[in-house]
Every structure is written in C-alpha cells, then in structure tokens.
Amino acid sequence: MSDLPRRAVTRSAKLATLPLSFAGRTALGLGKRIGGKSAEMVAEEIQQRTAEQIFKVLGELKGGAMKLGQALSIFEAALPPEIVAPYRATLTKLQDAAPPLPVATVHKVLTEQLGDDWRDHFQSFDDEPTAAASIGQVHRAVWHDGREAAVKIQYPGAGKALLGDFAQLARLGKLFGVLMPGLDIKSVLAELRERVAEELDYLREAEAQHAFALEFHDDPDFHVPDVIAANETVLVTEWMDGVPLSRVITEGTKEERDRAGLLFVRFLFCSPARVGMLHADPHPGNFRMLPNGKLGVLDFGAVNRGGYPLAFGQLTRIFNQGDMDTVIAGLRAEGFIRPDIEIDPDALRAFLSPYVEPTAVEEFTFSRAWLQTQAASATDLRPGNVVRQLNLPASYVLIHRVHMAGIGVLCQLGTTARFRDEVIRWVPGFSDDTIDPDDMALVAT
C-alpha cells in the first residue's frame with residue numbers, strides 16, 4: 001500500500017498542516033479587515049479556504065481521517081461543489097481502488113491467524129482478492145465441507161493507522177468550529193472512534209452478521225450470507241453471487257431500479273425493529289440483487305446497535321403537521337440544536353422540508369436533480385446559514401451516515417416507490433398520534 005500515506009510521521013505531518021494553515025489564514029483575514037474589507041466577507045473567505053484544505057487533507061488520508069470525512073457528509077451538502085469535488089474524487093479512488101496485499105503477505109496473515117495448516121480449512125483458496133476496502137480485502141475460496149466462501153482478511157497495521165488518525169483529529173476541534181459553530185465535533189469524534197474500533201473486530205462483525213442471517217433466513221425479500229468461521233482479523237462467510245447494486249444503477253431498467261430502491265429502504269428501516277441493529281454502511285458495493293428477486297446484503301462491520309430513537313419518528317410526523325415550535329423544542333431536547341444556538345424556524349423548515357417530503361406523500365421519486373437542488377440550497381457559507389447551526393448528537397452519528405448515504409443511493413437509482421408506507425410500518429413514533437405535542441418530556445424520550 002505504498003501509494004497511500006500509511007507511515008505515522010507522514011500522516012501526522014499532513015494533519016498538522018491544518019491548524020497551522022488556519023492560523024495563517026486568520027492572520028491574513030485580520031490584515032484585510034484593517035484594510036477595509038468587511039468582517040463578513042473576510043469570515044466567509046476564511047471558511048471557504050479552511051473547508052477546501054480540510055477536505056484536501058482528509059481525502060489524501062486513509063483510515064480514521066477518511067472515516068471522519070465520510071461521516072461529516074453534512075459538510076459536503078453545505079459547501080460549494082468546487083471545494084468538495086477533489087475530496088470526493090480522492091475518496092472514491094480510495095474506496096474503489098485500494099491496492100491489494102501481496103500474496104506472500106496474505107499467506108503470512110493466514111498462517112499467523114489460522115496456523116501453519118491453514119490450507120487444510122479450504123478445498124481451494126484464490127490468492128487474487130475479489131474486493132479491497134479501507135481496512136481489509138476479500139478472497140474467494142471453497143471451505144473444507146464444499147461450501148463456497150468469502151474470506152475477509154484485515155490489513156496488518158490497519159487498526160493502528162485508524163486509531164492514530166483519531167488521536168490527531170481530536171486536536172482539530174476549533175478548525176471544524178469555524179465551518180459549523182453548532183457542531184460538537186469532540187463528541188462526534190469520540191463516537192466515530194468507538195464505532196471504528198468495533199469495525200476492526202471481525203469477531204464482533206461475525207456476531208452481527210450471524211444475527212442478521214438468522215433473522216432473515218428464508219425471508220421473502222432479503223438474504224444475508226451466514227458466518228462460517230471468524231477470529232479478530234479473519235472472517236469467513238458464505239459466498240453470495242448476484243448483480244451489484246452499482247450495476248443496477250447504471251444498467252437496470254426502471255422497474256428493476258424501483259424494486260431495488262424499495263427493498264434497500266425496507267431493509268434499512270426494518271432491521272432495527274427485527275434485529276435490533278441498523279446496517280450502517282449502505283454503500284452500493286454492499287448490496288446485490290439476486291436471481292430470485294431478493295436483496296442480498298454484505299459487510300456488517302459497521303452497525304448501529306439499538307432501534308430508531310422514538311423522537312426520530314415523532315418529530316418527523318410533527319414536522320409534517322407543521323408544528324415547528326414543537327419540532328425545534330424536540331431537536332433541542334435530542335441535542336441537534338445546542339443551548340447557545342438560535343435557529344430561524346422558517347430557515348429550518350426550508351432546509352428540512354425536502355428531506356422529510358418522502359414521508360409526507362404517498363409516492364416519491366428520488367433523482368439526481370432533486371439531490372442537486374437540495375445541495376445547492378445549503379451552499380451559503382454566511383454565518384446565518386441554518387445548516388451550520390445544527391449539531392450532530394453522538395447517538396445519531398451512524399443514523400445520519402446511513403440516511404445521507406442512503407438518499408444518495410436512492411437518487412442514483414432514481415427510485416419511485418411508496419416510501420411513506422415503509423416509515424409507517426417500521427419507524428416507531430411516526431404513526432402514533434396519541435402523544436401530546438406539548439409534552440416535550442415524552443418527545444425527548
């Protein structure tokens with residue numbers, strides 16, 4: 001993996017350039033203000049330059065820094081395309097073209113983890129990986145009992161690199177505060193670090209995948225390959241063929257894309273109720289359309305344990321009813337609006353309305369044009385922009401990641417479906433009209 005900045009000294013140096021450059025831009029801004037330029041114009045220019053450098057550095061790094069960049073997708077929605085385009089391009093390259101481990105290293109890892117006789121576990125093992133991602137790669141094999149298997153092997157040193165990034169990023173709270181004064185970045189980082197540490201534990205992933213496989217065994221809509229064997233850094237599961245969702249996006253008929261999108265949403269919404277966990281990495285590469293019409297699901301390294309918070313469904317319903325005072329009170333109770341932040345109700349309604357719209361109509365069509373319109377409405381970097389005033393509570397970090405990424409996938413698919421029906425069926429609080437909207441103690445629970 002020599003083409004990625006893996007060495008600790010190099011990674012620390014890249015991250016260290018962020019606060020140093022920010023200090024320089026702040027001093028430059030002060031000089032411009034003395035020269036007569038308005039404070040607002042100077043602040044906006046500093047924010048743009050700061051954002052540009054943040055995404056440039058995050059995009060060049062793998063590991064924790066890349067995970068943070070993925071999770072803070074709200075930044076991408078709030079910034080002009082010319083700033084985040086290079087970051088997105090680099091991130092895509094990292095996700096889709098991670099260089100594979102040399103064969104000798106693969107064999108060394110398997111020997112260390114499974115013993116000198118590791119080949120006895122397999123009838124065959126393909127040395128060429130079928131997929132490579134941020135912390136590991138997958139090989140196709142045949143288990144000793146004849147089952148076709150997927151063998152996921154964690155990159156040596158991946159854990160140290162990931163967690164090392166977070167130690168560096170924890171020092172950058174002030175920098176992110178310039179862009180989004182309403183965001184408690186320290187809490188977000190702490191939550192992400194904990195979740196990433198879980199992703200490094202393949203035994204924990206195996207436990208989650210087995211729970212999903214049991215729940216969806218013989219399900220009419222979904223298939224999850226079961227776990228065959230696992231330890232902390234090697235995971236062996238049943239192999240699953242099928243058409244990747246990415247190919248359905250590019251080559252599928254309208255009917256196929258509608259079906260895939262509906263199942264995709266149904267899986268994300270029903271899993272917390274049925275399994276007690278939310279699949280938290282809705283990347284198209286983790287989903288397959290199977291010949292029998294089911295949606296196959298892979299990669300359970302990132303899961304959010306627990307169901308949807310009751311307030312999630314309640315506040316969505318109350319928003320649709322038009323009661324913004326209760327919505328704002330509920331968002332404050334949940335931690336989306338910090339105590340020292342004032343929010344313009346009309347601006348908040350305008351920002352949230354498009355994202356809540358699919359739950360307010362019988363049928364909705366997601367499209368790239370719709371998504372571009374929503375992003376364009378949030379690219380104002382002036383201090384009053386409501387996007388910059390919002391916080392992301394730690395308990396919602398993975399839920400937010402799932403919903404933002406999920407919307408992106410649905411817009412790529414161009415899916416038309418009855419999404420409201422899925423919300424009514426699976427999201428607690430959305431269809432419950434018994435709550436007193438004035439009772440914020442209940443809304444906050």
Side-chain angles (χ1 to χ4, degrees), residues 73-74 76-78 221-222 245 248-249 252 254-274 278-284 287 295 304 307-324 326-327 330-331 334 336 346-378 386-387 390 392 396 398-433:
S73 54
I74 192 168
E76 296 184 56
D221 293 327
F222 309 110
L245 201 57
V248 177
I249 289 171
K254 174 61 174 169
E255 182 180 2
E256 289 169 340
R257 288 183 284 114
D258 286 350
R259 168 71 176 169
L262 178 62
L263 290 180
F264 176 76
V265 168
R266 182 174 297 162
F267 179 78
L268 295 178
F269 278 141
C270 81
S271 296
R274 294 180 60 177
L278 172 67
H279 185 290
D281 191 9
H283 184 280
F287 297 86
L295 180 69
N304 191 66
Y308 281 106
L310 187 61
F312 180 84
Q314 291 174 334
L315 293 176
T316 301
R317 170 173 51 79
I318 293 168
F319 181 92
N320 286 334
Q321 294 169 347
D323 185 355
M324 285 304 296
T326 301
V327 169
L331 290 175
E334 287 294 290
F336 284 98
D346 292 334
L348 182 63
R349 180 189 292 110
F351 170 68
L352 293 177
S353 182
Y355 297 103
V356 179
E357 183 183 356
T359 72
V361 295
E362 293 301 315
E363 187 174 79
F364 188 80
T365 299
F366 283 93
S367 70
R368 295 173 192 266
W370 174 83
L371 185 61
Q372 289 165 2
T373 300
Q374 312 326 315
S377 69
V386 70
V387 181
L390 297 176
L392 181 58
Y396 282 86
L398 288 188
I399 293 174
H400 169 75
R401 171 179 165 182
V402 169
H403 281 231
M404 295 304 292
I407 285 173
V409 171
L410 290 170
C411 289
Q412 288 178 302
L413 284 164
T415 298
T416 301
R418 297 176 63 90
F419 298 105
R420 176 182 166 86
D421 290 351
E422 303 302 318
V423 179
I424 290 172
R425 183 178 180 186
W426 297 112
V427 178
F430 182 79
S431 60
D432 180 9
D433 289 319

G261 versus F419, closest heavy-atom pair with distance: O-CE2, 4.3 Å
Check whether any side-chain heavy atom of V423 sits under 4.5 Å from a side-chain heavy atom of Y308, and report yes or no. no
Validation row: T416, F366 side chains within 4.5 angstrom (heavy atoms): no
K254 side-chain N/O to T415 backbone N/O, donor-acceptor pair under 3.5 Å: no
Please report the shortest heavy-atom distance between A260 and V248, naming the atom on each side. CB-CG1, 4.1 Å
For a 4.5 angstrom cut-off between non-hydrogen side-chain atoms, does V427 reach T316? no
I need the N304 CG to L398 CG distance, nearest 0.5 Å. 5.0 Å
Would you give the length of the straight line joining atom CG of L410 to atom OG of S367, rounded to the nearest 0.5 angstrom? 11.0 Å
Step-by-step side-chain contact (heavy atoms from CB on, under 4.5 Å) determination, L331 to L390: CA-CA 9 Å; L331 290 175; L390 297 176; 5.5 Å; no
Dump the intermediate steps for salt bridge (Lys or Arg N to Asp or Glu O under 4.0 Å) on R266 and E422, then the final yes or no. CA-CA 6 Å; R266 182 174 297 162; E422 303 302 318; 3.0 Å; yes
Are the ring centres of F312 and F430 closer than 6.0 Å? no
Is there a donor-acceptor pair closer than 3.5 Å between any side-chain N or O of R401 and the backbone N or O of D281? no
Note: R349 and G322 closest approach over all heavy atoms is NH2-O, 4.5 Å
Check: L413 main-chain N/O paired with R257 side-chain donor or acceptor under 3.5 Å: yes
Is there a side-chain contact between Q412 and V409, using heavy atoms and a 4.5 Å cut-off? yes
Could you report the tightest heavy-atom contact between Y396 and P309, atom names first, then the distance? OH-CB, 3.4 Å
Less than 6.0 Å separating the ring centroids of F267 and F269? no
Approximate separation, where rounding is to 0.5 Å, of E334 CD and L315 CG: 6.5 Å
In this structure, is the centre-to-centre distance between the rings of F287 and H279 below 6.0 Å? yes
CZ/R259 to CD/E256 distance, rounded to the nearest 0.5 angstrom? 11.5 Å
CH2-CG distance between W426 and D421, expressed to the nearest 0.5 angstrom: 12.5 Å
Verify, without hydrogens or angle tests, whether T359 (side chain) and V356 (backbone) share a donor-acceptor contact under 3.5 angstrom. yes
Of all the heavy-atom pairs spanning G406 and P282, show the shortest one and how long it is. N-CG, 4.1 Å
Indicate yes or no: at least one non-hydrogen side-chain atom of Y355 is less than 4.5 angstrom from one of L352. no
Interatomic distance, CZ@F319 vs CD@E357, rounded to 0.5 Å, equals 10.0 Å
Show the nearest heavy-atom pair for residues P272 and G307, with the distance to one decimal. CB-CA, 3.7 Å
Under the side chain to side chain donor-acceptor pair (under 3.5 Å) test, which residues partner R420, sequence neighbours left out? none
Is a side-chain donor or acceptor of D323 paired with a backbone partner of I318 at a separation under 3.5 angstrom? no
